[in-house]
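The structure under discussion appears below in the form of structure tokens.
We number each residue from 1, following the sequence as shown.
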Amino acid sequence: MNALFDTAGATAATFFANAIDTESKGIDIVISHKTSFGNNVSLKTDLSGTFSNTYRVGDIHASPVLAAAGQINRYYSEASRVYLQEAIPRVKANLTNSISYKKFGFFLRNVYFGKVTDPNTADVNGDGRVEGIIINGQAVEIEHPIWGAKIITDLSVGFKITDAAKIVIGANNIFDIYPDMNLGTQTAIRPRLLSGAINYTAAPSTIDLSNANQFIYSRNTSQFGQNGRFVFARLSFSF
């Protein structure tokens with residue numbers, strides 16, 4: 001096998017392993033209410049929320065061979081931990097209001113997307129270094145950008161032209177909200193292990209999460225998208 005790797009010029013390999021046990025806990029809340037005000041006016045309100053958390057349970061189930069070679073952190077790296085636990089919102093809430101008045105329909109939705117953590121590391125606090133700790137005998141960077149919570153608003157107005165035809169005009173993300181912008185080029189000292197302790201005396205290195213502004217927003221988190229406002233008009237028929 002080593003001969004094949006050498007022939008191919010391979011220096012690393014990627015594989016999947018059932019290396020950790022996880023546990024997820026959370027709560028979903030849904031409240032709905034509908035009322036009529038007379039004069040053909042009705043209001044329907046829906047409020048929902050999700051609060052969740054997923055985390056590792058127990059030790060990393062590492063191969064003895066790779067563990068002995070000091071590769072245990074590759075089974076479940078710091079980036080993998082963030083992807084599992086913090087790269088998607090742990091809190092999300094949705095408030096929807098629908099008003100009907102004669103032939104008109106009004107729709108308003110506000111969605112709250114909680115903060116997310118980027119699995120990349122950088123000098124987030126601007127002190128000239130990337131914070132690190134010792135995990136399994138190795139220096140591991142733990143200073144991650146945190147992208148703030150946002151509220152996205154959708155609004156539309158509908159009109160029933162006939163019993164069979166309806167037109168709707170509206171906009172998703174009407175206020176044109178985007179995620180927090182990615183961090184650009186930085187020069188910072190990365191942590192290293194020296195005499196059994198974290199040390200920050202190495203030469204500074206360049207960090208650029210935007211990859212020369214190719215990625216204005218993080219490509220590693222899943223919060224609510226990066227497309228901004230979407231305006232639409234829809235004509236529908238029922239038969």
Side-chain angles (χ1 to χ4, degrees), residues 24-55 82-120 124 144-183 209-210 213 215-239:
S24 297
K25 293 182 179 180
I27 182 172
D28 291 328
I29 300 174
V30 179
I31 301 173
S32 297
H33 180 263
K34 186 175 183 178
T35 187
S36 177
F37 298 100
N39 296 321
N40 296 316
V41 179
S42 63
L43 170 65
K44 185 176 185 297
T45 301
D46 297 292
L47 175 63
S48 61
T50 299
F51 307 85
S52 62
N53 190 20
T54 299
Y55 48 90
V82 173
Y83 274 122
L84 176 69
Q85 298 181 201
E86 303 174 19
I88 61 174
R90 286 176 287 179
V91 178
K92 183 180 178 181
N94 185 322
L95 176 62
T96 302
N97 293 285
S98 300
I99 299 176
S100 297
Y101 174 65
K102 295 182 179 180
K103 292 186 177 183
F104 287 92
F106 303 89
F107 177 84
L108 175 64
R109 176 172 57 204
N110 288 285
V111 183
Y112 172 86
F113 295 89
K115 65 181 181 180
V116 294
T117 302
D118 197 300
N120 285 319
V124 179
H144 304 277
I146 297 178
W147 313 125
K150 305 290 182 180
I151 296 177
I152 305 300
T153 302
D154 303 331
L155 176 66
S156 64
V157 179
F159 179 75
K160 197 170 185 180
I161 303 171
T162 67
D163 290 340
K166 182 179 180 180
I167 186 172
V168 178
I169 298 174
N172 295 334
N173 192 359
I174 191 171
F175 297 119
D176 203 27
I177 302 298
Y178 291 86
D180 292 342
M181 294 185 68
N182 217 344
L183 298 180
L209 301 189
S210 70
N213 291 323
F215 304 102
I216 300 176
Y217 310 103
S218 174
R219 52 179 170 160
N220 298 298
T221 58
S222 179
Q223 195 173 18
F224 58 86
Q226 305 167 2
N227 296 322
R229 182 190 299 115
F230 176 76
V231 179
F232 63 87
R234 181 170 61 242
L235 180 63
S236 60
F237 298 90
S238 58
F239 300 97

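One side chain, Asn94 or Thr96, offers a donor N or O that lies under 3.5 Å from an acceptor on the other. Using a 3.5 Å distance cut-off with no hydrogens or angles, the side chains of Asn182 and Ser218 do not pair a donor with an acceptor.
Residues Asn220 and Tyr83 are in side-chain contact: their nearest non-hydrogen atoms beyond the backbone lie under 4.5 Å apart. Side chains of Leu155 and Phe107 form no contact here, defined as non-hydrogen atoms less than 4.5 Å apart. Side-chain contact between Ser42 and Tyr101: absent, with no pair of heavy atoms (C-beta onward) separated by less than 4.5 Å. Annotation: side chain of Pro89 is in contact with side chain of Gln223 (closest heavy-atom distance under 4.5 Å). The closest side-chain heavy-atom distance from Pro145 to Leu209 is below 4.5 Å. At least one side-chain heavy atom of Ser32 sits less than 4.5 Å from a side-chain heavy atom of Val30.
Lys25 and Tyr55 get closest at one heavy-atom pair: CE-OH, 3.3 Å. For Phe224 against Pro179, the heavy-atom pair with the smallest separation is CZ-N, 3.5 Å.
Atom CG of Leu108 has more than 12 neighbouring heavy atoms from other residues, nucleotides or ligands inside a 6.0 Å radius.
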Residues 158-178, side-chain donor-acceptor partners within the protein, below 3.5 Å, at least two apart:
| from | atom 1 | to | atom 2 | distance (Å) |
| --- | --- | --- | --- | --- |
| Thr162 | OG1 | Ala164 | N | 3.1 |
| Thr162 | OG1 | Ala165 | N | 3.1 |
| Asn173 | OD1 | Asp176 | N | 3.4 |
| Asn173 | OD1 | Ile177 | N | 2.9 |
| Asn173 | ND2 | Ile177 | O | 2.9 |
| Asp176 | OD1 | Tyr178 | OH | 3.3 |
| Asp176 | OD1 | Arg229 | N | 2.8 |

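Between the CG atom in Leu95 and the CG atom in Leu47 there is a gap of 5.5 Å [rounded to 0.5 Å].
The pair Asp180-Lys150 meets the salt-bridge criterion, with a side-chain N (NZ, NE, NH1 or NH2) lying under 4.0 Å from an Asp/Glu carboxylate O.
The salt bridge (Lys or Arg N to Asp or Glu O under 4.0 Å) contacts involving residues 83-100 comprise Arg81-Glu86, where partners must be two or more places apart or lie in separate chains.
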